[in-house]
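First the structure, in the form of structure tokens, and then the observations on it.
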Amino acid sequence: MSIDKSLSSGLRDQIVSQISRLIFEGLMPSGLKLSSCRELAKDLDVSINTVVAAYRKLEEEQLIEARPRSGYFVCSDVGVRTDSDAAGRSDIKLRAPISMKLNKLRRTEEIETISRPNDWYRYDYPFVCNQIDDGAFPVADWRECTRLALNRKDLKIWSADGLYSDSFELIEQVRQRILPRRGIFEPNESILITLGSQNGLFITSLLFGGRDRTALMEDPGYPDARKILQANFGNVNFQPIDEEGLIVDERLRDVDLVFVTPNRHHPTTVTMSERRRRALLQAAEEYDFYIVEDDYECDVDYRHSPLLPLRSLDDTDRLIYLGSLSKGLSPGLRLGYMAAAPEFIDAARDCRGMMMRHPPMILQHTAAAFIRLGYYDGLLRRVRQNYEQRWHLADTTIREKLPGFLSAGEFGGTVFVLADPEAQLDALTICQAALKRGVIVEPIRPCFSDAVEGKFHFRLGVSSIQPGLIRQGIEVLSDVVSELRAAHL
């Protein structure tokens, strides 16, 4: 056993956790005598009172018992005992080939997604995307909202099975406080709470999809969207973008669903022009397709007056609008929302309900309080200011230290797309070499339908890295590129 005094969990709880784990794994069998409180306290360098409290907790859980003048003994028989001879027994059946039974049309493992180290926050210069600066998260405010949500009066609401319904409080906050800022005014029956935009896209593609259906997405585009569409549609077409966003032409004919990120195109950060938006809506009506709009980074966009979403321009109900609290609040909370015609929301609610009933009610109640009390608005103001500062700092340093590398990175966003202007160093080589120097930047080849075209592109995000580390991190990245180029010659 070992104790880490730097962890947020208390010393008593660490001792309880480790002893109970050893019991359940069968490594401390029933009847085994434990160390005395004094001995264990000395071994772990903690107070005797801490060990006494831990043993009392284990007694309450009926995992150990105190015997007069003898000490503490393991008394539970719930431990898992592994049979060491099982592997050699001849009567063990061969494992069934489960992969042969899976629906191959639904499997998308071969489609790459953008990856990063799980412990990215431990690196010196984490230029990762779609993550927050945890130092700026309003822990005290969120804790207060959690306390309010956990009140006894509402226990029946958040502890019960809500069937397929959502928190009325959160629906109201989305309708009154969040959507109007984007020029969207919807009744309650046109709103569904999701576990993030990606969950909303999966529900939508499941309802629209089929082996005889065709979906279309931007190229380059969001690789996870490609996986979702590939799993639910017979065909997925890729439509190029330009400086105005998704190109609208005859190639949109004969498709059933179009997925776009018009506010901040993923991954290039291009904003779809007003002219192109109206052309897309007109094409949807003319060619009879529907549009899924992911209003990516709309909550943290720090431009003075960003363009309003397609949903605000749509008067035909051909838009399914997806938003989330991930970029402003936290991606780990996985809270999002969908706005569409009531008849589609009814179908989406039923589809979601078959998978998970509804997102956790206590989480919805807490988020509703966080928005209602103004904490969310205050957080967004601070986040936007921080992101604008980081964008200017990164933009200036990239242009200075990596001349010619900047491929895209529009003002208002948190991401820069880079590529070797001489097309000598591929992105994966750069990213792997940079990682060894403590710099995380991410290759975005999975965003391209043509892997060859995407092999030189990588992205640099500024949402989670401290402003004081941006210039130094880009300088290290510049040194890595210079060393790679010298070795390439």
Side-chain angles (χ1 to χ4, degrees), residues 1-89 92 95 115-126 128 131-140 142-147 149-150 159 330-334 360 362-363 366 435-438 440 464-466:
M1 291 175 55
S2 61
I3 296 298
D4 187 347
K5 295 183 179 181
S6 67
L7 296 179
S8 58
S9 56
L11 301 179
R12 184 206 70 168
D13 292 339
Q14 289 188 52
I15 295 172
V16 170
S17 173
Q18 293 193 48
I19 292 179
S20 61
R21 174 181 59 81
L22 293 171
I23 292 173
F24 275 91
E25 289 181 354
L27 300 177
M28 295 180 70
S30 182
L32 179 72
K33 183 178 180 180
L34 276 68
S35 300
S36 70
C37 294
R38 187 177 301 278
E39 289 173 338
L40 188 57
K42 182 179 180 180
D43 289 343
L44 299 179
D45 190 25
V46 298
S47 72
I48 294 179
N49 289 340
T50 298
V51 178
V52 170
Y55 280 1
R56 285 177 178 171
K57 180 67 174 175
L58 290 165
E59 276 191 282
E60 292 175 8
E61 297 175 359
Q62 297 183 355
L63 295 177
I64 68 173
E65 63 179 354
R67 298 177 185 174
R69 295 185 299 276
S70 297
Y72 290 91
F73 294 81
V74 175
C75 66
S76 175
D77 292 320
V78 298
V80 177
R81 183 178 64 84
T82 57
D83 190 343
S84 59
D85 298 326
R89 281 166 32 191
I92 297 297
R95 294 178 61 191
S115 61
R116 66 174 68 95
N118 290 331
D119 60 344
W120 58 266
Y121 47 85
R122 297 184 184 277
Y123 285 74
D124 294 335
Y125 309 105
V128 299
Q131 301 295 322
I132 64 167
D133 176 3
D134 59 3
F137 185 83
V139 175
W142 185 258
R143 184 184 293 118
E144 171 63 12
C145 292
T146 301
R147 186 188 66 79
L150 285 171
S159 66
S330 168
L333 294 176
R334 305 312 309 155
I362 187 62
L363 181 58
T366 302
L435 191 66
K436 295 177 181 178
R437 301 280 293 275
I440 301 181
S464 60
I465 188 170
Q466 294 296 316

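For clarity, every value in this text was computed on a predicted model and none was experimentally measured.
- Between Phe73 and Arg67, the closest heavy-atom pair is CD1-CD, 3.3 Å.
- In Arg38, the CZ atom is not crowded: 12 or fewer heavy atoms of neighbouring residues, nucleotides or ligands sit closer than 6.0 Å.
- Within 6.0 Å of CG on Asn118 lie no more than 12 heavy atoms contributed by other residues, nucleotides or ligands.
- Leu34 contributes atom CG, which lies 11.0 Å from atom CD of Glu65 (distance to the nearest 0.5 angstrom).
- Proximity of Ile465 to Ile440: side-chain heavy atoms (C-beta onward) are nowhere separated by under 4.5 Å.
- Taken from CD1 in Ile64 to NZ in Lys33, the straight-line distance is 12.5 Å, to the nearest 0.5 Å.
- The structure places CD of Glu144 at 11.0 Å from OG1 of Thr366, a figure rounded to the nearest 0.5 Å.
- A distance of 6.5 Å separates CD1 of Ile3 from CG of Leu11, quoted to the nearest 0.5 Å.
- Applying the side chain to side chain contact (heavy atoms under 4.5 Å, CB included) test between Leu63 and each of Glu59, Glu61, Glu60 identifies Glu61 as the sole match.
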| task | Under the side chain to side chain contact (heavy atoms under 4.5 Å, CB included) rule, what do Ser464 and Trp120 come out as? Steps first, then yes or no, please. | result | CA-CA 10 Å; Ser464 60; Trp120 58 266; 3.7 Å; yes

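- A distance of 11.0 Å separates CE of Met28 from CD of Gln18, quoted to the nearest 0.5 Å.
- Side-chain N or O atoms of Lys57 include none that pairs as donor or acceptor with a backbone N or O of Ile15 at under 3.5 Å.
- Considering all non-hydrogen atoms of both residues, Leu363 and Leu333 come closest at CD2-O, 3.3 Å.
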Give the table of side-chain donor-acceptor pairs shorter than 3.5 Å for residues 40-54, with sequence neighbours excluded, one pair per line with atom names and distance.
{"unit_1": "Ser47", "atom_1": "OG", "unit_2": "Thr50", "atom_2": "N", "d": "3.2"}
{"unit_1": "Ser47", "atom_1": "OG", "unit_2": "Thr50", "atom_2": "OG1", "d": "2.8"}

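- A donor-acceptor pair is defined here as one N or O able to donate and one able to accept, closer than 3.5 Å; no such pair exists between the side chain of Ser17 and the backbone of Asp13.
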| task | Decide yes or no on side chain to side chain contact (heavy atoms under 4.5 Å, CB included) for Val128 and Tyr123, but give the supporting numbers first. | result | CA-CA 10 Å; Val128 299; Tyr123 285 74; over 6 Å; no

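- Remark: Leu32 CG to Ile23 CD1 distance equals 8.5 Å, nearest 0.5 Å.
- Closest heavy-atom contact between Pro331 and Gln131: CG-OE1, 3.9 Å.
- When side chains are defined from C-beta on, Tyr72 does not count as touching Ile19, because their heavy atoms never get closer than 4.5 Å.
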